**Student:** 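One structure, pasted below without further comment.
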Protein chains: 2
Amino acid sequence: MARRPKAEGSEDRREQIIDAALRVFARKGFARATNKDIAREAGITPGLIYYYFADKEALLQAVIESRSPLRLFEHLEPAQWDAPPSEFLHAILCQALNIIESEQVISLIRTVLSELLHGEEIPLLPKLFLPRIIAVLQRYLRLQRERGMVRAEVDPEEVAQVLLSAMMGLVMRRQVLRDTSVLRYSHEELVSLVLKTLLPGLLPAS
Amino acid sequence: MARRPKAEGSEDRREQIIDAALRVFARKGFARATNKDIAREAGITPGLIYYYFADKEALLQAVIESRSPLRLFEHLEPAQWDAPPSEFLHAILCQALNIIESEQVISLIRTVLSELLHGEEIPLLPKLFLPRIIAVLQRYLRLQRERGMVRAEVDPEEVAQVLLSAMMGLVMRRQVLRDTSVLRYSHEELVSLVLKTLLPGLLPAS
DNA sequence: TCATATTAATTGACTGACCAGTTAATTTTG
DNA sequence: CAAAATTAACTGGTCAGTCAATTAATATGA
């Protein structure tokens, strides 16, 4: 096989290698993943990787940059801003959870996390995920507080931080620790669980 | 130097190697940590590691088993069971946070987490940390609910899960993501932050 | 319409470095 | 001295990365 600049047959080799690498990195970790592993997963020979990528590190960067779910988070807003807290928060947290717990994003998280754990500076990715959701939550809470739908003494930033941390902790326990006491819930149930304990502190009156 | 079965001079070589290994594993990850690294950190030559440990894997196991903070969690209870929720929860969460965010435990978490991320089954450790705290929290909440100090409709298990997940998420964001928006808080402030948004849903009346 | 030239894509064999683990020799200590 | 502790040199294997050779899609020309 050769010369397939843009033609039929297998789609873009580069993408194919990135996909294979993501799977292998997630399964074995970057350090333990060999070029042979990646090549086998992609159905090519190890040498070919260096036709498309300068070195293993560059392949990792390509994986991280091109498989980031950041674009998915752009479309996170459509939830109705006028809905009451219980509905709005449930909707937006479910959306976020569905994106994050998709197979591809979890693979990316596994890959990035273990690099992040040891020195390696990942450009700017995880610093973009959470602030995105936090900003939306914060904006909504401030709006609803003005309208009197949320207690006056609530600090939107603090609540958003706690809410997000709780969700993140749950995802960690599910996907990394494989904690059965938290794996038994569906996405909807998880969000309901969190909101059930947080909402009473948000809503006015009683 | 030789023969120091129990005598003076440097303390136990074995412990010394374990400490060095923990530091190097945390810094570079198990896969990337070389015996040379560990030996340098311990001030010995690489070969000596194999006098005390069968192989690298056995060293990792020794690190995990002997540096587990499980024993520290045994003494977690002394908090006053009769104190009101705001005091009790603040005290016990601060205790837990202080243990977990100590240098040694964070190093262990870095080490174990990256193994846990990729296939490797860690015996039974992280499955013991959290349940320990959860059990204490749950027991306390049930007790105080009977006394009417906690709302009747509160589910102790669910609240404990959410509380713990929030704390875990915060620790992750601090220690792994190095999220400045959450690093600026002291341990006490962090716990206050979480309780401020959770307590209103727990306490009766309003 | 067929041969041939051109070039991108791909292979597989190779290399130099490094690393986990071994061992024989050496030092220390009791 | 004898046992325990430690070293230094070594080994076999693996892996990231290189490269010359090969293949095949396409373009060119007659």
Side-chain angles (χ1 to χ4, degrees), chain A residues 1-64 111 114-115 118-120, chain B residues 1-64 111 114-115 118-120:
Chain A
M1 317 114 196
R3 195 134 220 254
R4 218 168 315 154
K6 227 183 173 184
E8 26 82 44
S10 70
E11 25 60 281
D12 206 316
R13 261 291 131 83
R14 201 185 149 86
E15 294 299 305
Q16 184 185 345
I17 295 174
I18 290 179
D19 281 331
L22 174 56
R23 265 175 269 130
V24 178
F25 287 160
R27 197 188 316 134
K28 309 184 57 169
F30 178 72
R32 282 188 255 245
T34 71
N35 294 331
K36 213 167 122 191
D37 291 330
I38 298 166
R40 192 182 330 115
E41 182 83 17
I44 56 170
T45 46
L48 189 55
I49 294 172
Y50 292 86
Y51 184 76
Y52 292 95
F53 302 94
D55 53 21
K56 211 180 156 193
E57 203 77 35
L59 175 54
L60 174 62
Q61 287 306 322
V63 167
I64 293 174
T111 303
S114 83
E115 294 311 295
H118 310 112
E120 315 299 332
Chain B
M1 314 114 197
R3 194 139 218 249
R4 217 169 316 153
K6 229 185 174 185
E8 25 80 44
S10 71
E11 26 57 284
D12 207 314
R13 259 293 130 83
R14 202 184 148 85
E15 295 298 306
Q16 183 185 345
I17 295 174
I18 290 179
D19 282 331
L22 175 56
R23 263 174 271 132
V24 177
F25 288 161
R27 196 187 317 135
K28 310 186 54 169
F30 178 73
R32 282 188 255 244
T34 71
N35 294 331
K36 214 168 121 191
D37 291 330
I38 298 166
R40 191 179 334 115
E41 182 82 19
I44 57 170
T45 47
L48 189 55
I49 293 172
Y50 292 86
Y51 184 76
Y52 292 96
F53 302 94
D55 53 20
K56 211 181 155 193
E57 203 78 35
L59 175 54
L60 174 63
Q61 287 306 322
V63 166
I64 292 174
T111 303
S114 82
E115 294 311 296
H118 310 113
E120 314 299 331

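These figures come from a predicted structure and were not determined experimentally. No hydrogens, no waters, no symmetry mates; every other heavy atom, side chains included, goes into these values. A note on names: the letters A, B, ... follow the listed sequences, proteins ahead of strands, and every chain is numbered from 1.
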**Student:** Indicate yes or no: does A:Arg27 engage A:Glu41 in a salt bridge with an N to O separation below 4.0 Å.
**Tutor:**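 Between A:Glu41 and A:Arg27 there is a salt bridge, with a charged N closer than 4.0 Å to a carboxylate O.
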**Student:** Whole angstroms only, please: what is the NZ-P distance between A:Lys56 and D:dG17?
**Tutor:**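 In whole Å, D:dG17 P and A:Lys56 NZ are 8 Å from each other.
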**Student:** Can you check the A:Leu48 CG to D:dT18 P distance for me, whole Å?
**Tutor:**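 Atom CG in A:Leu48 sits about 14 Å away from atom P in D:dT18.
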**Student:** Can you give the dot-bracket line for DNA chain D, using ( ) for pairs inside the strand, [ ] for pairs that cross earlier ones, | for pairs with another strand and . for unpaired bases, where Watson-Crick and G-U count if both distances are under 3.5 Å?
**Tutor:** ||||||||||||||||||||||||||||||
**Student:** Write down the distance between CD (A:Gln16) and P (C:dA9), rounded to a whole number of angstrom.
**Tutor:**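 The answer, rounded to whole Å, is 13 Å.
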**Student:** I need the CZ-P distance between A:Phe53 and D:dA16, as an integer number of Å.
**Tutor:**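 Roughly 15 Å, once rounded to whole Å.
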**Student:** Could you tell me which non-hydrogen atom of A:Ile49 sits nearest to which non-hydrogen atom of A:Ala39, and how far apart they are?
**Tutor:**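 In this case the closest contact between A:Ile49 and A:Ala39 is CD1-N, 4.3 Å.
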**Student:** Using every non-hydrogen atom in the two residues, find where A:His118 and B:Ala26 come nearest and quote the distance to one decimal.
**Tutor:**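 Looks like CD2-O, 3.0 Å.
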**Student:** Both B:Thr45 and A:Glu57 contact DNA chain D. Which one's nearest nucleotide lies toward the 5' end?
**Tutor:**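 Looking at the nearest nucleotide for each, B:Thr45 comes out on the 5' side.
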**Student:** Reckon B:Tyr52 touches a base, only the sugar-phosphate, or nothing at all at heavy-atom distances under 4.0 Å?
**Tutor:**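 Counting heavy atoms under 4.0 Å across all strands, the contact made by B:Tyr52 is with sugar-phosphate only.
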**Student:** If you measure from the Lys or Arg side-chain nitrogens to the Asp or Glu carboxylate oxygens, is any gap between B:Glu115 and A:Arg32 under 4.0 Å?
**Tutor:**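 A salt bridge is present here (some side-chain N lies under 4.0 Å from a carboxylate O).
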**Student:** Considering only heavy atoms from C-beta outward, does the side chain of B:Val24 approach that of B:Thr34 to under 4.5 Å?
**Tutor:**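 B:Val24 vs B:Thr34: side chains apart.
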**Student:** If you only use heavy atoms from C-beta on, which nucleotide in D:dA4, C:dA8, C:dT11 is closest to the side chain of A:Tyr51?
**Tutor:**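 Closest nucleotide to the A:Tyr51 side chain: C:dA8.
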**Student:** Round to the nearest Å and state the distance from A:Leu59 atom CG to D:dA16 atom C1'.
**Tutor:**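 In whole Å, D:dA16 C1' and A:Leu59 CG are 12 Å from each other.
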**Student:** Once you round to the nearest 0.5 Å, how far does CZ of A:Arg13 lie from OH of A:Tyr51?
**Tutor:**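 That separation rounds to 12.0 Å.
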**Student:** Which residues in residues 28-39 of chain B have a heavy atom closer than 4.0 Å to any atom of DNA chain C?
**Tutor:**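 Residues of residues 28-39 of chain B under 4.0 Å from DNA chain C: B:Ala33, B:Thr34, B:Asn35.
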**Student:** What is the minimum heavy-atom distance between A:Phe30 and A:Lys56, and which atoms define it?
**Tutor:**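 Distance-wise, the nearest heavy atoms are O-NZ, 2.9 Å.
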**Student:** Hey, could you give me the CD1/CG distance between B:Ile38 and B:Asp19, rounded to the nearest 0.5 Å?
**Tutor:**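 So the CD1 of B:Ile38 and the CG of B:Asp19 are separated by 12.5 Å.
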**Student:** If I compare all heavy atoms of A:Asp55 with all of A:Tyr50, which pair ends up nearest, and what's the gap?
**Tutor:**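 For A:Asp55 and A:Tyr50, the tightest heavy-atom pair comes out as CA-CE2, 3.8 Å.
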**Student:** Of the nucleotides D:dT7, D:dG17, C:dT22, which one has an atom closest to the side chain of B:Tyr50?
**Tutor:**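 From the listed options, C:dT22 comes nearest.
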**Student:** With respect to the phosphate group of C:dT10, does any side-chain polar atom (N or O) of A:Arg13 fall under 4.0 Å of OP1 or OP2?
**Tutor:**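 Answer yes for this pair, as a side-chain N or O of A:Arg13 is under 4.0 Å from OP1 or OP2.
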**Student:** Can you tell me the distance, in whole Å, between the CD1 atom of B:Ile44 and the C1' atom of D:dA4?
**Tutor:**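 The distance from CD1 of B:Ile44 to C1' of D:dA4 comes to 15 Å, rounded to the nearest Å.
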